[in-house]
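Let me begin by presenting the structure, written as structure tokens, before commenting on it.
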Amino acid sequence: MDAPATPTRIALRYRVGGMDCPSCASTIETALRRLGGADGVRLDFQSQTLALRLDEAATPRAAIEARVRSLGFEIHAFAPALVSAVTGVADSAADAEPAWWTTGKARLLLALGSLILGGLVAASTVPAVGRWAELPAAVLGLGFFGTKAIRLAGAGTPFSIEMLMSVATLGAVLIGAPAEAAVVVLLFTAGEVLEGVAAGRARAGIRALSALNPRTALLVEDGAPREVPASALQVGQVVLVRPGDRVPTDGTVLEGCTEADESPVTGESFPVPKAEGDTLVAGSINGTGAVQMRVTRTVADNTVARMLHLVEEAQASRAPTARF
């Protein structure tokens, strides 16, 4: 009897836009784990990357994308590959994200502020309107967060902050306090916008760190250099680093001498002399002379990559109390 066929799982990587806190990542993870055929879900809200293994016979990838979009997030696929496990997350040096004032929450904040201000003017000019002048702002906030709360509840996260805000806003309106409801929604939206700004700055720092790795390198073969992608370098190969070039990956000097500016990586304020046998650090800038170096670590494992991994790991980790 033939052994049952092992299902082929495809390793998928996505960029997910709109996440600004660990709660967003937890919400998406919970929703995806409820889908059959998906496992190994790994999501980092700082780098906005999602990685998972998927059995498309059980769940098509379109269902994954639809589920994430239904939660109010953007999702864009990277090229998939047939592998046995998801290894690492997507490149953090992605295109810069949109300005914070162009986001949906920023537009909601502006709309709420305008409605509240208009309500104050209306209440002062038409006293009969009274506190109900703020009702449109409360209804707008309730519609926005209430809709999202219902989607999150359907995806397996009924006790979300959006649900709490929706219940509080609806309760305030029902007891005749729409002004208080509008102000609470306004402050909550402002907090969400500020959280998004802070997360965007953190992601910008990660992109800047990742940008220290140059895209190309000069590989020396048969005595002649040729340009190759830096990611294709292998341990033991010889690379030419010209004056002014960034060192593509970690290595040791084989021929020549120079001074290397390591300040982008180590913070060292003075150029460091380099001669045969000395170590060159990825991301540093070659100064005075051309040198040939032997690769000791690939780009995926060099100093910059390790720093990047530690930063992302620290930002993605959450203490048990914070998770609770």
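If you read the sequence from its start, that first residue is 1, and numbering goes on from there.
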Ignoring hydrogens and geometry, is there a side-chain-to-backbone donor-acceptor pair from [X] to [Y] under 3.5 Å?
X: R13; Y: A51; value: no
X: T249; Y: A282; value: no
X: N302; Y: V304; value: yes

Do [X] and [Y] share a hydrophobic cluster (ILVMFWY, side-chain heavy atoms under 4.5 Å, transitive)?
X: V185; Y: L140; answer: yes
X: L186; Y: W101; answer: yes
X: V41; Y: I28; answer: yes
X: V173; Y: L108; answer: no
X: F188; Y: L164; answer: yes

For residues 269-277, which side-chain N or O atoms pair as donor and acceptor with protein atoms under 3.5 Å away, sequence neighbours left out?
residue: K274; atom: NZ; partner: E262; partner atom: OE2; Å: 3.0
residue: K274; atom: NZ; partner: T279; partner atom: O; Å: 2.7

Does this structure show an ion pair linking E56 with R61, if we count only N-O contacts that are shorter than 4.0 Å?
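Answer for the salt bridge query: yes.
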Note to self: Does either side chain, that of N286 or that of T258, offer a donor lying less than 3.5 Å from an acceptor on the other one?
What the structure shows: yes
* To do: Determine whether more than 12 heavy atoms belonging to other residues, nucleotides or ligands lie under 6.0 Å from atom CZ of R33.
  => yes
message = Can you confirm whether V239 sits close enough to V295 that some side-chain heavy atom of one is under 4.5 Å from a side-chain heavy atom of the other?
response = yes
Rounded to the nearest 0.5 Å, how far does [atom2] of [Y] lie from [atom1] of [X]?
X: L12; Y: Y14; atom1: CG; atom2: OH; value: 4.5 Å
X: T147; Y: R151; atom1: OG1; atom2: CZ; value: 6.5 Å
X: I285; Y: D261; atom1: CD1; atom2: CG; value: 5.0 Å

Exercise. Is the NZ or CZ atom of K148 both under 6.0 Å from the centre of the six-membered ring of F73 and within 45° of that ring's axis?
Worked result: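 That pair qualifies as a cation-pi contact.
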